[in-house]
Amino acid sequence: MTELLRSWVLGMTGAAIICAAATLLTPEGRVKAVVRLLCGVVMASALLLPLMRPQLGDYGLNLSKYRTNAAQAAGEAENIKRSLDRKLIETEMEAYILDKATALGAEVNGAHVALEWSTDGFWYPVGVEVQGEYCPGLSRLIEAELGVAVQAQQWRAET
């Protein structure tokens with residue numbers, strides 16, 4: 001900012017010196033009027049030049065920082081979305097298990113579904129923990145509908 005102000009003051013000073021010299025060296029008459037008009041244009045240009053000329057010194061650096069920040073924000077947003085998707089899928093699968101347990105008359109008090117991220121870009125269930133008495137029908141349904149093998153199912157009877 002100080003460099004901008006310094007260059008602006010130097011430009012104004014230089015333009016003022018040149019205009020003063022041109023005005024002093026010009027003879028009276030129409031020529032002097034034209035020189036004064038041109039000096040007015042030069043002084044106005046020197047005054048407004050910093051506003052018309054973008055300061056590109058740090059533009060590339062700032063653009064690089066903005067791109068880096070945007071990439072980080074996008075990555076964080078993707079992680080948050082992935083986390084929210086996981087929680088939603090877990091909740092829906094757990095509610096599905098409890099709903100099916102109720103329909104089958106099984107004594108189940110809760111369920112927890114473990115998910116993993118696939119290389120294809122989606123969450124899939126890899127294990128289930130059910131709080132309640134083992135129910136073969138519900139176990140087969142979890143395997144058939146959710147794709148969780150019987151070996152990956154844990155049943156915890158509450159004592």
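If you read the sequence from its start, that first residue is 1, and numbering goes on from there.
- The backbone N or O of Ser64 lies less than 3.5 Å from a partner atom in the side chain of Thr68, making a donor-acceptor pair.
- Hydrophobic clustering (ILVMFWY, side-chain heavy atoms < 4.5 Å, transitive): Ile97 and Leu104 are in one cluster.
- Residues Leu146 and Trp117 fall within the same hydrophobic cluster, defined by Ile, Leu, Val, Met, Phe, Trp and Tyr side chains chained together at heavy-atom separations under 4.5 Å.
- In this structure a side-chain-to-backbone donor-acceptor pair under 3.5 Å is present from Glu94 to Val113.
- The structure places OG1 of Thr102 at 11.5 Å from CD of Glu107, a figure rounded to the nearest 0.5 Å.
- Separating the CD atom in Glu78 from the CG atom in Asp85 is a distance of 8.5 Å, to the nearest 0.5 Å.
- Between the side chain of Gln153 and the backbone N or O of Val148, at least one donor-acceptor pair lies under 3.5 Å.
- Nearest heavy-atom pair across Ser139 and Val150 is OG-CG2, 3.9 Å.
- Ile89 is listed as a side-chain neighbour of Leu115, based on a closest heavy-atom distance under 4.5 Å.
- Residue Val126 comes nearest to Ala152 through the heavy atom pair O-CB, 3.3 Å, listed as atom of the first residue, atom of the second, then distance.
- Gln131 places a side-chain N or O within 3.5 Å of a backbone atom of Ala111 that can act as its donor or acceptor partner.
- With hydrophobic clusters built from ILVMFWY side chains whose heavy atoms lie under 4.5 angstrom apart, Leu37 does not share a cluster with Met43.
- To the nearest 0.5 angstrom, Leu138 atom CG is 4.0 Å from Ile142 atom CD1.
- Contact of the Glu116 side chain with the Tyr124 side chain is registered, since non-hydrogen atoms from C-beta on lie closer than 4.5 Å.
- The closest side-chain heavy-atom distance from Asn69 to Gln72 is below 4.5 Å.
- Put simply, the side chain of Trp155 never gets that close to the backbone of Cys135: no donor and acceptor are under 3.5 Å apart.
- In the hydrophobic clustering of ILVMFWY residues, with side-chain heavy atoms under 4.5 Å counting as a link, Val128 and Trp123 come out together.
- Between Arg36 and Thr23 the shortest heavy-atom distance is NE-CG2, 4.2 Å.
- Within the model, atoms CG of Leu84 and CZ of Arg86 stand 12.0 Å from one another, a figure rounded to the nearest 0.5 Å.
- For the pair Met12 and Ala46, the tightest heavy-atom approach, listed with the atom from each and the gap, is SD-C, 3.5 Å.
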